[in-house]
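A short write-up of the structure that comes next.
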Protein chains: 2
Amino acid sequence: MAAPTSDCAQFNVYNQGCPARLVLDHLGDKWALLVLDRLRDGPVRFNTIRRDINGVSQKVLSQVLKRLERDGMVARTAFPTVPVTVEYALTELGTTLTARVGPLLHWAEDNMTQIRAAQSAYDERLASAA
Amino acid sequence: MAAPTSDCAQFNVYNQGCPARLVLDHLGDKWALLVLDRLRDGPVRFNTIRRDINGVSQKVLSQVLKRLERDGMVARTAFPTVPVTVEYALTELGTTLTARVGPLLHWAEDNMTQIRAAQSAYDERLASAA
DNA sequence: CCGAATCCTTGACGATACTG
DNA sequence: CAGTATCGTCAAGGATTCGG
């Protein structure tokens, strides 16, 4: 067995030291990617994100943003207005990550047809077997 | 608001037509990436994967493989020996996906230190606030 | 306006046992 | 060897309510 792309301590995903999980945990997150993508053009306010990303709850968006902030992907700025105004923006780290994710999404778009075809063929085989 | 990398139907992640989800669902999967990575060198048998990926149960590995097969990432080949021998291998689609994920993992490795630093700084700020 | 706190449902995952 | 079937646990996510 050759060396894997990212070691991950003998493939033990439970190992918190695995660097890949640091990023993958965000990718796996149902919303994080959409949030990052929404911030690509510059700072956005909380409720603007909430409105634009259809289906996310306040609680979850709050969690996601907090986590992205903790990981240094997003910067939170609160303006002492009344009522409070809060803006979220990509940090440099977050910007480079978002840039790397782009190609992956493009790959998904480019190969969507193939994936769907594979799924259909698979399902059809199942149906004919039954 | 400019066009996002992947449209996702006005950011509605629930929309199954979103091409990104087709791939992201796999990335979010706790094991799929490890499986894909394990297959990079060529066909591998079920129990070999199971042994090499520490911590995965038969059930889940079975599920993951079936899903990867359905999505056209992995090809399953059963040899009519006694007892049965089954091999899993990356398809061309799976190979290109695995190739695209690599850079992302490298990014994670390269920036792991920064991420950890951000986390520490964040946690420290929380502690001093308390 | 921006969130925190609470309750609740759902489904992912693991352990175990069994089959062709 | 390569799975399927069943059960139990547990945490993520949604709905709602309250606070600064």
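Order of the sequence lines fixes the chain letters, A, B, ..., with proteins taken first and strands second; residue numbering starts at 1 for each chain. FYI, side chains are in, hydrogens and waters are out, and symmetry mates aren't considered; it's all heavy atoms of this structure. Since we're looking at a predicted model, the values are computed, not measured.
In terms of phosphate contacts, A:Ser62 brings no side-chain nitrogen or oxygen within less than 4.0 Å of OP1 or OP2 of C:dC2. When the side-chain nitrogen and oxygen atoms of B:Tyr88 are compared with OP1 and OP2 of D:dC1, none of them lie within a distance under 4.0 Å. Side-chain nitrogen and oxygen atoms of B:Arg45 include none within less than 4.0 Å of the OP1 or OP2 phosphate oxygen of D:dC1.
When atom types are taken as modelled, the side chain of B:Asn111 and the backbone of B:Trp107 share a donor-acceptor pair closer than 3.5 angstrom. Of the possible polar contacts, one joining the B:Thr95 side chain to the B:Thr91 backbone as a donor-acceptor pair under 3.5 Å is found.
Comparing D:dA2, D:dT17, D:dG14 by their nearest atom to the side chain of A:Gln58 picks out D:dT17. With C:dC1, D:dA2, C:dA15 as the candidates, the nucleotide lying closest to the side chain of B:Lys59 is C:dA15. Side-chain proximity of B:Phe46 to the nucleotides C:dA4, C:dC1, D:dA2 is greatest for D:dA2.
Residue A:Lys66 contributes atom NZ, which lies 15 Å from atom C1' of D:dG13 at whole-angstrom precision. Rounded to a whole Å, the CD atom of B:Gln63 is 8 Å from the P atom of C:dC13. In this structure, A:Asn54 places its CG atom 16 Å from C1' of D:dG13, rounding to the nearest Å. Nucleotide D:dT4 holds its P atom 11 Å from the CG atom of B:Leu61, rounded to whole Å.
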